[in-house]
Structures are given as structure tokens and as C-alpha cells.
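Encoded as C-alpha cells, the structure appears first; notes follow it.
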Amino acid sequence: MEYSISDYKTTVHNDWCAGCGDFGILNAIQMTLYEMKILPHNAVIFSGIGCSGKTPHFINTFGVHTLHGRVLPFAQGAKLANPSLNIIAVGGDGDGLGIGSGHFVNAGRRNIDLTYIIYNNGVYGLTKGQASPTLKLGVKTKSLPQPNVNESINPIALACISGFTFVARGYSYDVRYLKEIIKKGIMHKGLSFIDILQPCPTYNDINTKDWYQSYKMDENNPSIKIPKIYKLEDQGFDGTVKREEDMSSKILFAIEKSKEWEDRIPVGVFYENTLTPTFDERLQTRIQNYHQYPPSQQQINDTNDFSIADIDRLIDDLKAV
Amino acid sequence: MLNSRESISWVIGGPQGSGVDSASHIFLKSIAMAGLHVFGKREYHSNIKGEHSYFSIRFSDKIVRSHIDEIDILVSFDAETVLRHSPFVVNDGFLIYDPDILNKKIEEIHTLDFSSEYRVKKILSENKKSYDFKGILEELKERGVRLIELPYFSLIKEFSEKIQDHSLSKLARITNVMSLSASLAIMDFDVELMKRGIQDTFSTKPKIMEINTDAALFTYNYIKENYKDIHFRYPINSSNENSNAQNLIVAQGNQTSPLGKIVAGCRFQTYYPITPATDDSEYLESNQIVEQRDGKYGSVVVIQTEDEIAAITMAIGAALTGVRACTTTSGPGFSLMAEALGWAGINEVPLIVTLYQRAGPSTGLPTRQEQGDLLFAVNAGHGEFPKIVYSSGDIEESFYDTIRVFNYAEIFQTPVIHLLDKYLSNSIITCNRFKYRDIKIKRGKFKQIQINEGNASESRFKRFKLGEGEISERVPLGTENAIFWNTGDEHDEFGHITEDPTMRKDMMEKRLSKLELISSMIPIEEQITIEFESELDPGSDTLVLVLSWGSTKGAILDSLFSLSKERKQTQFLYIQVKLLNPFPGKVLEKVLMDRIERIKKNTKISSNFLVKTVVIEMNYLSQLDLLIKQNSNIKADYNLLKYNGRPMSNTEIYDSLINIIENKSKQRVILTNGV
């Protein structure tokens, strides 16, 4: 059967605000799945809580809208039990880097083959605009009573040092480019992280679409306009680890690059490393048939419903004599 | 006081990390090889090294299910053990000790607790003895306790010369084996069985095995030569018992539940380290390759997560793919899991939480016993959703119950909390080999294929279909033609978010009507079990009705077996409540009414026949009694409670029931035994 892009869409009414950056991400995910020919029933979108959490309901694949901050452990559990599923986890910056930051860091230690996308807008939208972990210190978005008193988290840097093996950033209004980044993330074998700059038109009146898409004048030549957002590859940046001994320096480059903000904001792939074994590969060394016979595929009863397990040997270990 | 003579009680104690565990393993294994029945329990501090720990073992040629407070043989390798436990040595019992303790001052034992210090002080002052080890030994001797000196240092020295190995510091580690072999010598125990017990304990370390065997034989002979006149009055009869031993296994609670999980088909388990639950996951991970009857190999993926929230949510994620999944924890971890439990409830996910209770609240007593989480388990999670809470009364039961709870979870598509506790986890029993081949795996309305019903464009699946009863068909993530959604929000039939008032009402009713379904579908004998029932006796005038849940079962049963022989005028009926939510109040009422009627009919004085209802549990509020009151018209006359962190002993339950029978008991009895 031929699939069309519409097969990846549901008829569920979308209640995001007009002009929300989330639409671009939703479109990019749907296009990615379609272009990669991932059949709807072979994909599962997991999400956290918040506006971004509603994403799975708009995509015609399996969708699991989980708890606030817990999207990664839900998604990892499913992938470990059934490694053949294509799993994308999505959530907001508050969800993933505030309440869920422990899971973010520890997911990096495992390097399970799935893609995690953060819709990063600096605010908690659905609860009406409180400061999120990525909002910069001293910034006062419109519903804050006072300027933000906390330092911000740098998601790219945190992902790099936590052990994510693919770390990238996209911008939600550049859907075409974003789609390519998500594709790369999905194709990457291991845990990929994509930080998506996503203006919240309702509550973030600082980092708006206009702000992201603004230019600055070249100091030497005022006729040259330098766009705020630029692509890493256009500067010849290459974050791919080709030899194990380059791992640390590549991480340092990526972190250094991720610090750019205000005038110049890079998007693209900051870091990619396919040398670190995935969790599946690590499990495979303990359980030789893990891939062919993962937990979800295991037969546990015979045709008469009796257990298929034979624990005689284990019981013998406990024998009194 | 309870007569311990039908069984023998042996206690070994020492600082944590000094070999108490391996010594007790050798002892236990040797005794079990002799075809005897054993019950052992481990008590320890939340500490790595240095604090006092002990292991108490009770054995008999009859089944033993619990510990008693009295000690027949106390084996010590430090002064603190003598201080803490010698008051419980019976008058003709034995104390094995290092005479070097006479050089120790009580004040210098910094790990001693107030309770033990107070107890010893009181005994010594009542008997006009000095407050030191000399005084303690004198008091023991006066009341007939046989004192067996084991001068460890000089014995080790002598032994090292004998085997030509002079590394005394290394040899210091054999004090535990020396002390235990001394106790076996007193009992005139079969040397060959002792050797085999040692071999079994150190089977992977041949060098250590050899030196321990030699040291054990050396000490055994030392005792035989130096204490010729001492005879243990209760010889161990192991002669023709060996046939019995062939069918017995020696099992710990933290092995039996994971064994049940393997049979049940649990192939995914998560955990975050916590006492006393971790051993369950470690056992499962150590045995993660599963032999199948068809010659293939399955496996259990066991994941240590970053916290308990990840543990439960990861298990839920796995369960959505169709695998039978479980997470294992204790009270503090379970507290963190409450939110996710509700997610599993609203999304109708079969999930098992094995909850090994320990004393709370907060960190509480991390290594001690309590049944304080019953009401929390029943009520955990905000909002309303169906939840099964099921508990096991002993180690053997926990194996079979584990298989049951996995069936419940899938049949009713809802989370199940399997309540176990520290006492079960860290106790060890002899029991019959598990018979598991005729137990069925029931997966309810789970299916792995969805046929496309003609409409090619419809890839969606009504996971929460209304109008077809409480339970809908369930398919795993990844099933073709069966795309569904899950959400923690209220959902429609496909699993999409809804705030529609009618849909909300319908979904609430679909989910919560499962509670009635559960009550009606789980067989009554799985909801409550009649554990003990006296033979009908026309001369009886009183019925003592005991109600309990969980691990107090062993001590209650051991008490009732003695009491029913001694108190012919009294009838005994003991019911264990296993299904705690939904609570079988009506079932309990009916079973009790039937039994009481039958007993009354058979007595001569049915008009004045007295029923004394006793609820026994390890908590302050009498949580089971609260559930009974809430769900039935049964009224408890007595509550036997305990919350000092030490499990209820056979001794104190026996004594308390005697007081109740003799009308000497208060309504609320707080038990306080235990070191």
C-alpha cells in the first residue's frame, strides 16, 4: 500500500495557539516519518506534559502521552522491550530539563537508540508563562512578575556531557531544515537529542519569531545583514567523532559553539558519535538472542496456556540435599 | 512461656561484615541436609560494617514457620552479642563465647543500644551481680546455662601452626566457622553433613572451602575433647529423615518471588536500589537467561534506573509493548511511584509492583519489619482507578502468588501491587519443591494480531471500546491495523484526550466497574484462605477467630498448632486475607457466618458460645481492621499489634492468645519483643 503524508495525520482538533512554533515541529515530524517510509504502526511518539505533550494525538502513529517529565523512561522502557519500534520522544524544555532533568542525564548514560526532541521556548506555556529552565537569567517574559532569577540550562552542553551520541538544534519555522535534522537524528544509531527553538507567541515576548529571524548589521559593511540563525555546516563545523580519541575535543567544540546566543545562534548537528556502543549492543553481550527474541516477542505460554519456562535447574540450586 | 522443645532455636551474632551470614548459611544447609525443617531470619542494621547483626535459626523434625524469642544455643564471636542476646538463652541452654570478653568493659561497646543495656542492667541488679561480663556469665551459670569457652585467638594460633599457615589476620576470618562448628559439636551433629554444608557455602572458592573445613573439624574436635561431659539434651534425629530432604528446598523470600516471575513470564523488571527489595532484582538479573521447555532460551531484561519514578514509568513503557513487566521496590520508592500508578490505571496497563514493605514513614527503619503500607497501597495515586492489592503470607506462597498476580494484571488490565515485606525477603525456609507445571498463564483479552476489517483506510483501534464490558481487547504497540493512543488525560475510545462530560462518565464507569468484576472473578479461595480450623469439638465453649494478612502467618500458625493441642475447650479458626483491594468484606462475612454457625451447631452450649475475634498485624493503626470495619460488619475484639521494627515471634503471639483465651487481655495489645 502506498502511503501519503495525510496517512500520518489525525483528525484530532489541534488547540495550539495561532502562530505557535509547535506546528512547524509537528509538520517536520510527520514529513520525516513519511519521507523515511516508516509505516505508521511501526512508530511510537511518546510525549511529556504541556502543549508539546499533545503532539502524539495529531500524528497517526502509536501515541503515548505520558507524565510530566517522564517521557524518556516511558520511551526507553518500550524500546528496550521491543527494539524494532521506531521511537520518538517529545516534550517541552520544562518537562525535559526541569522536572525531568534526572531522566535526561541518565538517558545519556544508556544510549538507547531513540530520538528525543525538546520544544524549547523558555516558558511553561500551558500553565500560563512561568520561566522554564532555558530562559536566560534576568529576562522578563510578559507574564513573569519579576525578571527570571535563575541561570539557564544549556541543553546542547548538557546533552553532550550526559552521553547523548547525537546532539543537534533546529528552528521550528525552518521546517525543511528541521526535517533533515530530525531524519539524521532518527537514522543515528543511539540516543539522539534535538533542541528545537520554538517561539511561544503567547507567553514569550522576548524570543519571538521576529527576534529569531532578525539580522544584525556587519560592523564594517552596514549593507551586509547577518542573520541571527545560521547553520553550523555553513561555517564548516563538523561535530562527528571519527576516532575515539577525538571524543573529548569534539564535545568541547560542541559546548563552546552552543554558548553562542543573542546575535548569532547556530543550528545543525553539534555532535555525533557512533563509536559508543548502544544500550542494545551492551544488552546483546549478556543476552545473545536479545535482538531476535526481545522481551515483547517472547512466548511465555504454550498452546495449553502452561508456562513455557523451565526453572528446574534454579530449583535444583535450592535443593536441601 | 512457650515450650521450645519441639524445635531448637539457634542464634549467631556478631558485627556486620564478620561472617554471620556465611556461618548461618553453613549451619542452615547442614541442618536441612539432615532432613530437618528450618526457619531462619536475618536481622541487621542499616550499616555496612560494625553494627550488630544476627541470624536466628529454628529447626525441628516438624514444619517450622517462624522464630521464637527463646534461644537454646547462642553462638557469639563478640561481646556485644552476649550482651544483647544472653538474657534470652533458656535455663539449660548453651552460650558459646570467647573468654576474652571478660577483659571488655560494657561501656566500651559503643554500638550497644539503650534497650539491651537497660535489659542487662535490670537483670544484673535483680540478681545482685556486678555490671560487667563477669556478672553476666555468673548470672547465666546460676540459672543453668552451660558456658562453652572458645578462646578464638589461641585456637587460631594453634590451628595456624597445625596447618603451617601463619597469616593470623587472614585466619581471623574463620572465627565464624569455628563458632558454628562448636555448636554443631555440642549437638553431636554429623560431621559429614557439616562438611557438606561448608562445601555448599564456599562451592566457588575451593581454597577458602578447604581452610574453613579444616578449621571446623579442628574446633569440632576441640569441643569434643574439652567438654566431654556436656550433652545436648535434645539430640537431633536425622537418621531416617533423608528421604524427606530429597523433596525439600531451602528458599529465601527474595528468591521465591523472582522465581515466580520467571514462570509467570515476566520478561522485564526495573528497580532502583532499596532495602529489602533489591535482592529480588539481583536474583532475577543473575538468572536472566530463561530456559524454555521448547529448548529455546528466553531472557528477562532487568534495568537499574536512576530513581523509582523512572523504574515504574519504564516498566509501564515496556508493558505497552505486550511484555509482562514489573517493578520492585520498598516504601520510600513506592511513594515516588504513586503518580505513575494512576497513569497505568487510567490507561488500563497491566503492571506489577512488588512492594517489599519495611518500617516507615520516610526512611523509617530501613532494614526492619513492618506492615505499615497497606492503606497506602490501597489508596496510592490521586483520583480513582481500579487497583488490585494482593499479599502473601509466607515464602512458599509468594512463589505461587507471584504467578497469580501477573494473571490478574492481564485479565483485569490494571496495576497490581503485590505486598511482601522485609521479614519474608530476609527469611529462609525449607519447603516442598515448587510444582509449577500445571499452573496456567492467563492473558485475558490480550492479542497480538488485528485483522483489518475491510476498511483499508482505518488503521486505528478502539483500545478503550465502550459498550462491550469492563475489559477491552488489548494489543501491543507496533500492531498493524491497531493504532491507538494513550494519555494521562481522560480519553475517548481511541485514547485521545477528551473533556466531554459523557465520555468522562462512561470511561470512569468502565474502569471502576472492574472492581466488582475483580471481586466476582477471583476465586474466593484466592481472596481469603482458611489457614487453620480446629476439629469440631462438642465440648468447646469459645471460638478464637484470628484474622491477619501477610507475613504474620507463620508465627500465628505455629502458635495455633500448639494452642489447639493444649486448649481443647477452645475452637480456633484462622483466616488470612490475601486480596486487600478490592476488599472481600462480604466474602469474609459469609465465610465466617457459615463457619461459626457450623461450630455452634456442634457444641452443647450454642446459646452462650463465645466468639473472640483477634486481628493481628505489624502496624500501629491496625490497618487491616480498618479495612474490615469499612467493608464488613465484622468487629474485632482484640488487636495484636507491633511496630518496633522486629517481626512478631511465635512466642509473643502464643502468649497473647493465651491471655485472650483466659480473659486477661486488653483490647489493644502492643507486642514489643525482639533485639
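Worth saying up front: this structure is predicted, and the values here are computed from it rather than measured. In what follows, every chain begins at residue 1, and chains take the letters A, B, ... in the order their sequences are listed.
Per-residue counts of heavy-atom pairs under 4.5 Å with chain A were compared for B:Thr270, B:Thr321, B:Ile303; the largest is that of B:Thr321. Heavy-atom pairs under 4.5 Å with chain A peak, among B:Arg443, B:Arg324, B:Arg196, B:Gln448, at B:Arg443. Chain A forms the most heavy-atom pairs under 4.5 Å with one residue out of B:Leu28, B:Asp200, B:Ile403, B:Asp307, and that residue is B:Asp307. Listed options B:Val290, B:Leu320, B:Val300, B:Ile262 were ranked by heavy-atom pairs under 4.5 angstrom with chain A; first place goes to B:Ile262. Annotation: maximal heavy-atom pairing with chain A below 4.5 Å, among B:Asn287, B:Ile309, B:Val301, occurs at B:Ile309. With respect to chain A, the highest number of heavy-atom pairs below 4.5 Å among B:Val38, B:Thr487, B:Thr305, B:Asn347 belongs to B:Thr487.
The aromatic rings of A:Tyr116 and A:Phe193 sit tilted relative to each other, their planes meeting at an angle between 30° and 60°. A:Tyr8 and A:Tyr3 have tilted rings, their planes meeting at an angle from 30° to 60° on a 0 to 90° scale. Taking the six-membered ring for Trp and thresholds of 30 and 60 degrees, A:Phe58 and A:Trp16 have ring planes more than 60 degrees apart, a perpendicular arrangement.
Contacts of B:Lys442 with chain A are absent, with no heavy-atom separation under 4.5 Å from either backbone or side chain. Of the atoms belonging to B:Glu480, heavy atoms from both backbone and side chain fall under 4.5 Å from chain A. Both the backbone and the side chain of B:Phe484 come within contact range of chain A, judged by heavy atoms closer than 4.5 Å. Only the side chain of B:Glu285 has a heavy atom closer than 4.5 Å to any heavy atom of chain A. For B:Ile312, no part lies near chain A; criterion is any non-hydrogen pair under 4.5 Å.
Around atom CD of B:Glu499, no more than 12 heavy atoms belonging to other residues, nucleotides or ligands sit under 6.0 Å away.
Between A:Phe164 and A:Phe104, the distance from one ring center to the other falls under 6.0 angstrom. Ring-centre distance between B:Phe464 and B:His491: below the 6.0 Å cut-off.
Of the charged side-chain nitrogens involved, at least one lies within less than 4.0 Å of a carboxylate oxygen, so that A:Arg313 and B:Glu291 count as a salt-bridged pair.
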